[in-house]
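Inspection log for the structure reproduced underneath, given as structure tokens.
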Amino acid sequence: MSSSRIADHVRNIPRSGIRDFFEIVQSMKDVISLGIGEPDFVTPWHIREAAVYSLEKGKTGYTSNLGSPRLRRSIAAYVEKHFSVSYNPHDEIIVTVGVSEAIDLALRALLNPGDEVLYHEPCYVSYGPSIRLAGGVPVPVATRGEDEFSLRAADLEKALTKKTRVLMLNFPTNPTGAVMPLEELKKVAAFAAKHDLVVLTDEIYSELTYDELPHHSIAALPGMKERTVFLHGFSKAFAMTGWRIGYACGPADIIEAMMKIHQYSMLCAPIMAQEAAVEALERGTRSMERMREEYRLRRNFIVSSLNEAGIPCHLPKGAFYVFPDIRGTGLTSREFSLKLLETKNVAVVPGTAFGTCGEGYVRCSYATAMDQIKIAVERIADFVKK
Ligand code: PLP
């Protein structure tokens, strides 16, 4: 059948590099996967129970388009406590179907056709395509291994044009685990203010920073709240990927514009997921900390094992990914990943799935049980030796 019936802007969007790779993985038996960016933990029981209770009480209907008032109040309190920014739950917060929907809504609400969006690469696979689907032009800014993939504010200046409207940030970063030192984050904020950009800050991994490192949100820096949309959710820190729940906080005019798109496309996020989310925010900190401690141990183990095996790997400060440098093997990221899969049944993701500057690196997720990680790194060491 002719593909011309598919709209051009959709036909020209590439499929996710991760998806393609995992179709190969799924066709194989007994693969140890360090590929998926999804917690191996089940959502803590007290959070699941909150959803069960809500069903028992017959809460099965729609909520307000913006999300249940109770959840929005919880979000306001949580964000104020952990990120030092206060938002009015009445009109500055919207509950979405994952951070994924929040990204899409924000871009669609902000971009006119041809507007340019700056973002740092390597980055989460959805950023470029989401910008294009919203009619914008993606302008990736490369980050470097020697900076542990943190962003240099000076590099943003070079990519700026008259059409730049939005700056997207994601710290800690998927796929590199990068964080931003506060001093550099201040320079990025000054850059956004100087050029009158709106900042979309995806802080979905913000609870997952290690070694007592404080997380700083750009939204909390002086003068930034007015030009920032803060995106967060439950998938990673609370192991709630399947619940599909996230949120955006920002200036009332932008939240209102996002709500208009959301009310016609999604209507609202599922009510039982919203009930569970309240429990996660109000009583989930201990459960989150237990998972974070386990991630920290796995991170330390995987980083030291890869370095011992002769694969340089920096110690990422956040998220649950390591991004080792495989250039010493003489293979490209894709060749390395495919050969490792074929010969050792271990799945990692080529760094190029996250942008061209990911060449020479692969992403390994340590949201995988420790016994599996141990076998996987032994096999990787053996693969590299050969
Ligand atoms: N943002 C980043 C940086 C991610 O890594 C992911 C998932 O991997 C998402 C957003 C999607 O999150 P959600 O499950 O809340 O839609």
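Read the numbers this way: they start at 1 and go in the same order the structure lists the ligands and their atoms.
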Kindly identify the option in I245, D104, T241, D202 whose heavy atom sits closest to atom 1 (N) of ligand 1. D202
Provide, to 0.1 Å, the distance between atom 6 (C) of ligand 1 and the closest protein heavy atom, together with that atom's residue and name. Y124 CZ, 3.4 Å
I103 N/O under 3.5 Å from ligand 1 N/O: no
Decide, yes or no, whether a salt bridge links E207 with R292 under the criterion of side-chain N to carboxylate O below 4.0 Å. no
Taking Y205 as the fixed residue, which of F171, Y321, Y210 is the one that meets the ring pair (Phe, Tyr, Trp, His ring centres under 6.0 Å) rule? Y321
Which residue supplies the protein heavy atom nearest to atom 15 (O) of ligand 1, what is that atom called, and how far is it? V99 N, 2.7 Å
If you measure from each heavy atom of E38 to ligand 1, is any distance below 4.0 Å? no
Less than 3.5 Å apart, any donor N or O on the side chain of T332 or E359 sitting next to an acceptor on the other? no
Can you classify the ring geometry of Y247 versus H232 as parallel (below 30°), tilted (30 to 60°) or perpendicular (above 60°)? tilted
Over 60° means perpendicular and under 30° means parallel, so tell me whether F149 and F323 are parallel, tilted or perpendicular. perpendicular
For atom 12 (O) of ligand 1, which protein heavy atom lies nearest, and how many Å away is it? I204 CD1, 3.2 Å
Using a 3.5 Å cut-off on N or O atoms only, is S235 in polar contact with ligand 1? yes
Under-4.0 Å salt bridge between E342 and K339: no
At a 4.0 Å threshold, what atoms of ligand 1 neighbour a non-hydrogen atom of G98? 15 (O), 16 (O)
Say you draw a straight line from OG of S68 to NZ of K59; how long is it, rounded to the nearest 0.5 Å? 8.0 Å
Please determine whether any non-hydrogen atom of R244 lies less than 4.0 Å from an atom of ligand 1. yes
Do any nitrogen or oxygen atoms of N174 lie less than 3.5 angstrom from nitrogen or oxygen atoms of ligand 1? yes
Are the charged groups of E203 and K236 less than 4.0 angstrom apart, N to O? no
Any heavy atom of S100 closer to ligand 1 than 4.0 angstrom? yes
Measure from NZ or CZ of K225 to the centre of the six-membered ring of Y87, then state whether that distance is under 6.0 Å and the direction lies within 45° of the axis. yes
Which of the ligand 1 atoms, numbered from 1, are nearer than 4.0 Å to a heavy atom of N170: 3 (C)
For atom 8 (O) of ligand 1, what's the nearest protein heavy-atom neighbour? Residue, atom name and distance, please. K236 NZ, 2.6 Å
Decide whether the shortest distance between a heavy atom of F234 and an atom of ligand 1 is less than 4.0 Å. no
